[in-house]
Student: 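Sharing a structure here in structure tokens format.
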Amino acid sequence: MNKELLKKSQSLLALFALCLVITLLSDKFMTTTNLWNVLRQISVNVCISVGMTLVVLMAGIDLSVGSVLAFSSAVCAGLLKSGLEFQSFDLFVGFTVLGGVLVALLVGLLMGLFNGFVITKFSIPPFVATLAMLTIARGATMLYTKGIPISNLGSSFEFIGSGWLLGIPLPVWISLIVVLVMVFVTKKTTFGRYIYAIGGNEKAAFLSGINVNRVKLWVYGLAGTMAAIGGVLVTSRLNSAQPNAGVSYELDSIAAVVIGGTSLSGGVGTVTGTVIGAAIIGVLNNGLVLLDVSPFWQQVVKGGVILLAVIIDRKSKGSK
Amino acid sequence: MKYAILIVLIALLGYNSVYFEKLSDRNSKTSESFDFATYADSLYTQGLLKAETPIAIDQLLVEVKADQNRAFETYGNRLGIGNSAYFMVSVEGTVAEKTDGLLKVRDKSGTVWPVDTEFIFGNAIRDASRLVKLTDFKTNAEFNALSEALNSIIREEAIPEDLEELRQGDEVTVNGAIKLSKNEDLTIRVVPVQIDKP
């Protein structure tokens, strides 16, 4: 029983240990400003990783989240900044913050659905299909932005990424809502149980009457939407959509999912575990910066931590 | 009933998401507001092009090596509390190579200095020029808009014109901005303001 409890909380213990070590090594870590800053930074990865968790639970992978984030945020920024002009009708259609955000989410959803469609319809491995989308979406972002950042999106939009609500940064509230909704979806809905069933044994899930393709389609759609939420947070925080936004975010989100205990072979894992995984990555990033570790070494350390998490996961499965 | 609620919700979201204006009205309104492009243009022609020749890049590096703090204070512009600063410098030499997006200038000592001729973004020129301050603007966004307008004049008009006649082996003087850091060796790339063929 105690062993089981220890296994379940190993990511949380790792997070506490990491916080303790960094606190001992840097007096700046446990300051209110820094902790809020860490939470703000984690929010983006939490949103993306929660979507990635659903995909990985289904034994899939989505390598396109970083590029989907970039494209959806570029479209959002473009519409907020320039709207749509119809010269022949002498008409300008402007977008409010709500409009821009909704379009971004729609773009993310559509790109995710496209991933799901390609994977289910043509039986293409998720790795390949989403890798293709990674390139397509990045290229589309460059075409849309012409490689130039879209800046000055207005203070109301900036508030989403930089504002505070009840003493807590708004991005933290947003990621909290995303997490709560997805915890509910995975734990309390039939759709959530289908995801675990497909990840556990796709053939058995199919034979028991689950519409596997439809579930996959919507899971990839959700992953795209979550990436778009992350995109809105990044863009509003910078008050600018960068054409190279989200580069390598897919790796950070996969790392958060794996460190959080979700098995890459599907069927095992939780959204809350991923949140802890994202926190570990965020604290690690922050700690390495505070300790003045070279960015090159930071990458080596992060890679090492991911490797360690996978080895522990494999070992614990092997000992069963 | 379910569909009725859905339609009402979509209509409500749609109503609060977009607004419509006559394009002609909007264009006339826009022209009345502050024109960053014109301001940036005068900053470029009246400020940057008429400024004294900046310190030679090799001379700056010698001074940084001798007394870093003094050199940063005298020639650099540091925004905020970071360890890096932007400097306006001049590079004199001959064109060693001219490729898409990059000009390599070899100075008398043989050192080759890379000059970005396409990727002219960021705040290097605005900050190295020391002609404008953040406090001159109402918001960070406005301060950045000026940078964007200035970069776009240099990137799209000035530099392509300067580059047109330039061939390998030509003598050249480049005035531009570089970034240096107090505690790490950054790769130096000059963001040009002007490329002159004497």
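Naming: A, B, ... by sequence-line order, numbering from 1 per chain.
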Student: Does B:R106 have more than 12 heavy atoms from other residues, nucleotides or ligands lying within 6.0 Å of its CZ?
Tutor: no
Student: Kindly give the heavy-atom pair with the smallest separation between B:Y19 and A:F95, and that separation in Å.
Tutor: CE2-N, 3.7 Å
Student: Please report the closest heavy-atom contact between B:N16 and A:T96, naming both atoms and the distance.
Tutor: O-OG1, 2.7 Å
Student: Please find the pair of heavy atoms, one from A:G147 and one from B:F121, that lie closest to each other, and give the distance.
Tutor: O-CZ, 4.3 Å
Student: Where is the tightest heavy-atom contact between A:G99 and B:S17, given as atom of each residue plus distance?
Tutor: CA-CB, 3.3 Å
Student: Please check if atom CD in B:E73 has more than 12 non-hydrogen atoms from other residues, nucleotides or ligands closer than 6.0 Å.
Tutor: no
Student: Run the side-chain contact (heavy atoms from CB on, under 4.5 Å) test on B:N144 and A:S151 for me, step by step, so that the C-alpha distance in whole Å, both residues' side-chain angles and the decisive distance to 0.1 Å come before the verdict.
Tutor: CA-CA 8 Å; B:N144 292 337; A:S151 308; 5.7 Å; no
Student: Need one label for A:L91: side chain, backbone, both or neither, based on atoms under 4.5 Å from any heavy atom in chain B.
Tutor: both
Student: Please look at A:N239 and chain B and tell me whether the side chain, the backbone, both or neither of the residue comes under 4.5 angstrom of a heavy atom of that chain.
Tutor: side chain
Student: Just wondering, more than 12 heavy atoms not from A:F114 lying within 6.0 Å of its CZ?
Tutor: no
Student: Is it the case that over 12 heavy atoms from other parts of the model lie below 6.0 angstrom from the NZ atom of B:K182?
Tutor: yes
Student: Around atom CD of A:E85, are there more than 12 heavy atoms from other residues, nucleotides or ligands closer than 6.0 Å?
Tutor: yes
Student: Side chain, backbone, both or neither: which part of A:F86 has a heavy atom under 4.5 Å from chain B?
Tutor: backbone
Student: Is the NZ atom of B:K98 crowded by more than 12 outside heavy atoms at less than 6.0 Å?
Tutor: yes
Student: Side chain from CB out, backbone as N, CA, C, O: work out which of these in B:E21 comes under 4.5 Å of a heavy atom of chain A, or both, or neither.
Tutor: both
Student: Tell me whether A:K28 at atom NZ has more than 12 heavy atoms from other residues, nucleotides or ligands lying less than 6.0 Å away.
Tutor: no
